[in-house]
Q: 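Quick one: structure below, then a few questions.
Throughout, a chain's letter reflects where its sequence line sits, starting with A, and its residues are numbered from 1. The structure presented is a predicted model; accordingly, all values stated were derived computationally and were not measured.
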Number of protein chains: 2
Amino acid sequence: MNQSKNTKEHILDVSLKLFSEKTYYGASIRDIAKAIDKRESSIYNHFKSKEEIFEQLILKFSSRNFGPLILTDQLINIISKPEKFFILLSENLIHFWNSEEERMFIKILLAKNSNGESKKYYSIENYLNDFKALSEFIFREMISHKFIKKMDVVVLSQEFISPLFLAAIELILGLKSETIQKSLIKNHVEFFWNSVKK
Amino acid sequence: MNQSKNTKEHILDVSLKLFSEKTYYGASIRDIAKAIDKRESSIYNHFKSKEEIFEQLILKFSSRNFGPLILTDQLINIISKPEKFFILLSENLIHFWNSEEERMFIKILLAKNSNGESKKYYSIENYLNDFKALSEFIFREMISHKFIKKMDVVVLSQEFISPLFLAAIELILGLKSETIQKSLIKNHVEFFWNSVKK
DNA sequence: CCAGTTTATGAACGAACGTTAATATAAGGA
DNA sequence: TCCTTATATTAACGTTCGTTCATAAACTGG
């Protein structure tokens, strides 16, 4: 996309796309080089191996702070109206997960084993935990302000996040259209809200 | 495993393992041949290409009937005690998804794009729909017998299945131990039951 | 403008890839 | 037993793989 940005970032950008489309073994160094319009040998001026490209890609995405993208000001303003809040929160999450870049990253996480040697890697479990932590924080706040019933925030997070994230996975790996998600969100929040309202 | 079974089945068996561990591009015909202790050329007496092995593998697994494995007699016997029923149903599902063979198949589905040319393929969405259909059937029965509140069975299925299947995915792709799942099931069923009991 | 560093190129390496062909062996029915 | 068919092997094909190397071009600070 942005040709003028530094080459290392550019390589990571196209690698995200290629690894997500063809998996690690299916995307070659030559594919990556072609995508940035250079020869494959020049890649090695920026990364010592294909494996290192992958590692740095995961590292880059695993060390973001997406909190402000989900917990928008608009959202925080309506925390006292939990049902509306849950709807908007769900929309923010689905919108984030379904953004072009995030789809690609999630695809890579889903295709990646935590098998053997790569145990050190960031996995889909770590990814989900970041979102669960965010939503646990939200539920703790809501409970302390008595907006919802007093319940275990871990359970609340799991019950709130799971149907949304699984729908996102189906959206990412399948052919489901995004419009279907509107009613899914509505139904899910309705069900959830009935279980947590005071 | 079973050396004496016919070679075609044997090839599919080891391909399931290899494709799930190293993805489609990472597992070679020579890997597969080595795993059945034959030369790579003899594979082509049974399949016309690597792609065909993959296709038949997906076909084989997508045309099973797992219903009786989930809906056991023991389970059906306690349908009038919904909370107990949900616990056992959850355990059956997690046990099934976490079996060695099923872990491998799910890994393959998760690593597989429904991108472009492969739209025809069975995807994780189809897989999940099979389980949702099963659980919709269960909820319809429960509602008609007035064991639970009258609600949309699609919503019930989604809310019941999602946290369980997502936990299974974490179990399969991550390093989570199976013991953690016991409390997850308990918490999930408790939350769910509180929302659907009459 | 020059020296030093960074980045790009072109060519090559050994290995592995999917697949094919010719041929040998094993199995099964007449 | 012989003939046919199914399955195996060995060898090779053209490609692509990840990576290296010598060298050339581009950039950067003094």
Side-chain angles (χ1 to χ4, degrees), chain A residues 1-60 108 111-113 115-118 120-121, chain B residues 1-60 108 111-113 115-118 120-121:
Chain A
M1 326 266 160
N2 186 353
Q3 283 284 88
S4 67
K5 91 175 69 164
N6 77 70
T7 308
K8 193 159 181 170
E9 276 306 311
H10 198 184
I11 291 171
L12 290 178
D13 274 4
V14 303
S15 298
L16 174 69
K17 181 167 188 296
L18 290 168
F19 285 147
S20 78
E21 282 172 356
K22 318 218 289 167
T23 75
Y24 179 78
Y25 297 106
S28 72
I29 293 281
R30 281 170 180 85
D31 290 336
I32 294 170
K34 209 163 290 167
I36 62 163
D37 210 40
K38 303 244 160 75
R39 304 294 152 250
E40 63 271 21
S41 48
S42 89
I43 301 282
Y44 290 88
N45 285 316
H46 304 278
F47 298 92
K48 69 181 228 293
S49 66
K50 184 185 180 183
E51 182 66 22
E52 201 198 39
I53 298 176
F54 188 81
E55 280 170 18
Q56 298 218 180
L57 186 58
I58 299 291
L59 185 64
K60 175 186 167 186
I108 290 177
K112 196 168 71 59
N113 283 335
N115 273 351
E117 76 292 338
S118 57
K120 53 191 183 295
Y121 277 156
Chain B
M1 330 264 160
N2 186 353
Q3 284 284 87
S4 67
K5 92 175 70 162
N6 77 69
T7 307
K8 193 159 180 169
E9 277 305 312
H10 198 186
I11 291 171
L12 290 177
D13 274 3
V14 304
S15 299
L16 175 69
K17 182 168 189 295
L18 290 167
F19 285 146
S20 77
E21 283 171 356
K22 318 218 286 166
T23 76
Y24 179 78
Y25 297 106
S28 72
I29 292 282
R30 281 169 180 85
D31 290 335
I32 294 169
K34 209 164 291 168
I36 63 162
D37 209 40
K38 303 243 159 76
R39 304 292 152 251
E40 64 269 21
S41 50
S42 91
I43 301 282
Y44 292 87
N45 284 316
H46 305 278
F47 298 92
K48 70 181 226 293
S49 66
K50 184 184 179 183
E51 182 66 24
E52 200 198 40
I53 298 177
F54 189 81
E55 280 170 18
Q56 298 218 179
L57 188 56
I58 299 291
L59 183 65
K60 175 186 167 186
I108 290 177
K112 195 168 71 59
N113 284 335
N115 275 352
E117 76 291 340
S118 57
K120 52 188 182 300
Y121 276 158

Q: So if I take the C1' atoms of five pairs at each end of the helix from C:dC1-D:dG30 to C:dA30-D:dT1 and get each local axis, what angle do the two axes make, rounded to 10 degrees?
A: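 One end axis against the other gives 20°.
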Q: Any side-chain heavy-atom pair from A:I32 and A:F19 closer than 4.5 angstrom?
A: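 A:I32 reaches A:F19 side chain to side chain.
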Q: Under 4.5 Å between any side-chain heavy atoms of B:I108 and B:T23, yes or no?
A: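 No, side chains not in contact.
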Q: Calculate the interatomic distance between A:I32 atom CD1 and D:dT19 atom C1'; express it in whole Å.
A: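 Atom-to-atom, A:I32 to D:dT19, this comes out as 13 Å.
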Q: Calculate the interatomic distance between A:I43 atom CD1 and D:dC21 atom C1'; express it in whole Å.
A: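 Between C1' of D:dC21 and CD1 of A:I43: 17 Å.
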Q: Go through the steps to decide whether A:D13 and A:K60 satisfy the test salt bridge (charged side-chain N to carboxylate O under 4.0 Å, His left out), and finish with yes or no.
A: CA-CA 11 Å; A:D13 274 4; A:K60 175 186 167 186; 3.6 Å; yes
Q: May I ask you to verify whether the side chain of B:N45 and the base of D:dA6 hold a donor-acceptor pair under 3.5 Å?
A: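 There is none.
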Q: Starting at NZ of A:K34 and ending at P of C:dT9, how long is that distance when rounded to a whole Å?
A: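 In whole Å, C:dT9 P lies 13 Å from A:K34 NZ.
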Q: How does protein contact run along nucleotides 14-25 of chain C, one letter per nucleotide 5' to 3', with B for base contact, S for sugar-phosphate only, - for none, heavy atoms under 4.0 Å?
A: ---BBBBB----
Q: In whole angstrom, give the distance that lies between atom NE2 of A:H46 and atom P of C:dT6.
A: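 Those two atoms, NE2 and P, are 12 Å apart.
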Q: Could you tell me how far apart A:K38 (NZ) and C:dA8 (C1') are, to the nearest whole angstrom?
A: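 To the nearest whole Å, that distance equals 8 Å.
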Q: Counting neighbours of NZ on B:K34 that are heavy atoms of other residues, nucleotides or ligands and sit closer than 6.0 Å, is the number greater than 12?
A: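 Not buried by this count: 12 neighbours or fewer within 6.0 Å.
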Q: Counting C-beta onward and ignoring hydrogens, is there a side-chain heavy-atom pair between B:S15 and B:L18 closer than 4.5 Å?
A: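 They are not in contact (no side-chain heavy atoms under 4.5 Å apart), so the answer is no.
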Q: Do the side chains of A:T7 and A:K38 get nearer than 4.5 Å, heavy atoms only?
A: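 Counting from C-beta outward, A:K38 and A:T7 do come under 4.5 Å.
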Q: Calculate the interatomic distance between B:H10 atom NE2 and D:dT7 atom P; express it in whole Å.
A: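 Rounded to the whole Å, the gap is 15 Å.
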Q: Under 4.5 Å between any side-chain heavy atoms of B:E51 and B:E55, yes or no?
A: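 Yes, at least one pair of side-chain atoms sits under 4.5 Å.
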Q: Can you find a heavy atom in the side chain of B:V14 that is under 4.5 Å from one in the side chain of B:D31?
A: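 In short, these two side chains do not touch, never coming nearer than 4.5 Å.
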Q: Return yes if some donor-acceptor pair links the side-chain N/O of B:Q56 with the main-chain N/O of B:E52 below 3.5 Å, else return no.
A: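 Between the backbone of B:E52 and the side chain of B:Q56 there is no qualifying donor-acceptor contact (under 3.5 Å).
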Q: When you check the phosphate oxygens OP1 and OP2 of C:dG10, does a side-chain N or O of A:R39 lie under 4.0 Å from one of them?
A: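 Answer is yes, contact under 4.0 Å.
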